[in-house]
Amino acid sequence: MGKRRAFSRAELPATYHRSVARVFSGVQPSGSLHLGNYLGAFRQWVAMQEEFDCFYCVVDLHSLTVEHDPAELRRKTIETAAGFLAAGVDPERSTLFVQSHVHEHAELAWLMESTIAFGELSRMIQFKEKSAGKSSIRASLFTYPALMASDILLYDTDRVPVGEDQRQHIELTRDAAIRFNGRYGETFVVPEAVLARHAARVMDLQQPSNKMSKSESSPQGTIELLDPPEAVTQKVRRAVTDTDGEVRYDPKRKPGLSNLIELMASVTGRSIEEITSSYSQYGPLKADLAEALVAALDPVRQRYAALMGDPDELAFLLEQGAEKAAGIASKTLARAKEAIGLLPPS
Ligand code: ATP
Ligand code: LTN
């Protein structure tokens, strides 16, 4: 075990000098953005820009963990970045960048793999779900949480806004940071997950026991961020509910209806109680929900179209973002390499 060393003030994690908390989050460019990404993640990202120093990342290296097509990955990376901006991320206030443009992510991931145990990785639910029934599983799917820990720790992150499905990965990141700091001296800020109050886990509208997801969901069960109003309305109208006809929030017994109620609460800001007491039938609830979703998603769709019409501007923003991100990441990586015992170059 390495000898503990005290850091001079200049070397301490940046949080010790900061008055504003730092936020980091990421989305994979692995498919079309959907309502779960929007309500579970993006809306929090946008709200947090008001108060915090935010870093939002298209985590393209994570998309290499499952089968992929290179040309499609490049296209999705641009589309996902446009999706962040369309959802309201403001590049004047937040730093927006692509993970592979900042090489420190992959490098710190190796140090994280050397901090996290095989047993810990084996317990990750996402690994179990994504590897189930597959004949060929990439090694990176297994070590993925080490890369995610690296993403977060590189920026001395205090808060990580994510959907419920990522909670376990953030816990592992915290454990890794605490272990590293304990073994090698104070190096990383220990981050916290921030979950949306409602809709932290948006379910598939056709199979309400499954999470709405880019890669796994049914097309009719997934509302895409860019779905036109008619598609949104139709998908909500056809959402699977149950036959007892009572408007009641009960995720165990009435998963389909409870999902719709949660969506309504998330998109309108009304409480679950207020919603359940104002409807006695499913039809009107679905109609109002469709209308509220269309109103929320319409401006996003329009901004997206404008952004995709100006690829040079988007490329410029990503380049600027990567430069700023690298400035911070390189310092944290140097600190971590030195702490773990790697000889600094002379
Ligand atoms: P994939 O299916 O490829 O794993 P995904 O749809 O789960 O993709 P991610 O890129 O993994 O999306 O997640 C981006 C962000 O959106 C994360 O913060 C994640 O927690 C959140 N998120 C994803 N799906 C949902 C959902 N159904 N409900 C709430 N939040 C979600
Ligand atoms: N693993 C996440 C995406 C992700 C992320 C991150 C989220 C990669 N790195 C860092 C927050 C912080 C997912 O699959 N949703």
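Whatever order the structure lists them in is the order used to number ligands and atoms, beginning at 1.
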Does [atom1] in [X] sit with more than 12 non-hydrogen atoms of other residues, nucleotides or ligands closer than 6.0 Å?
X    : atom1 : answer
E323 : CD    : no
L342 : CG    : yes
Q234 : CD    : yes

So that I can tick it off, tell me whether [Y] and [X] are bridged by a salt bridge, with the cut-off set at under 4.0 angstrom between side-chain N and carboxylate O.
X    : Y    : value
R253 : D244 : no
E120 : R179 : yes
E164 : K211 : no
R22  : D156 : no

Residues lining ligand 1 [heavy-atom distance under 4.0 Å, listed by chain and residue number] | V27, Q28, S30, H34, G36, N37, G40, A41, K130, V162, G163, D165, Q166, A199, A200, R201, V202, K211, M212, S213, K214, S215

Taking the six-membered ring for Trp, are the ring centroids of F127 and F142 within less than 6.0 Å of each other?
->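 Yes, close enough.
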
Can you tell which part of L147 has a heavy atom less than 4.0 Å from ligand 2: side chain, backbone, both or neither?
-> neither

Contact partition for I170 relative to ligand 2, non-hydrogen atoms under 4.0 Å = neither

For [X], the ligand 2 atoms whose distance to one of its heavy atoms is below 4.0 Å:
X    : result
Y144 : 1 (N), 2 (C), 13 (C), 14 (O)
D151 : 6 (C), 8 (C), 9 (N)
G26  : 3 (C), 4 (C), 5 (C), 7 (C), 11 (C), 12 (C)
H62  : 8 (C), 9 (N)
F24  : 10 (C), 12 (C)
V160 : 11 (C), 12 (C)
I152 : 10 (C), 12 (C)
V162 : 7 (C), 11 (C)

Does an N or O from S25, backbone or side chain, lie closer than 3.5 Å to an N or O of ligand 2?
->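 No; every N/O pair is 3.5 Å or more apart.
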
Would you check whether Q166 has a nitrogen or oxygen atom less than 3.5 angstrom from a nitrogen or oxygen atom of ligand 2?
-> yes

Report the residue from F97, Y56, W45 that forms a ring pair (Phe, Tyr, Trp, His ring centres under 6.0 Å) with F84.
-> W45

Short side-chain donor-acceptor distance under 3.5 Å, E273 and Y249 |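 Side-chain D/A pair, Y249 to E273: absent.
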
Can you say whether the rings of Y155 and H105 are parallel (under 30°), tilted (30 to 60°) or perpendicular (over 60°)?
-> tilted

Would you say L73 and P29 make side-chain contact, with heavy atoms under 4.5 Å?
->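 Yes, side chains in contact.
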
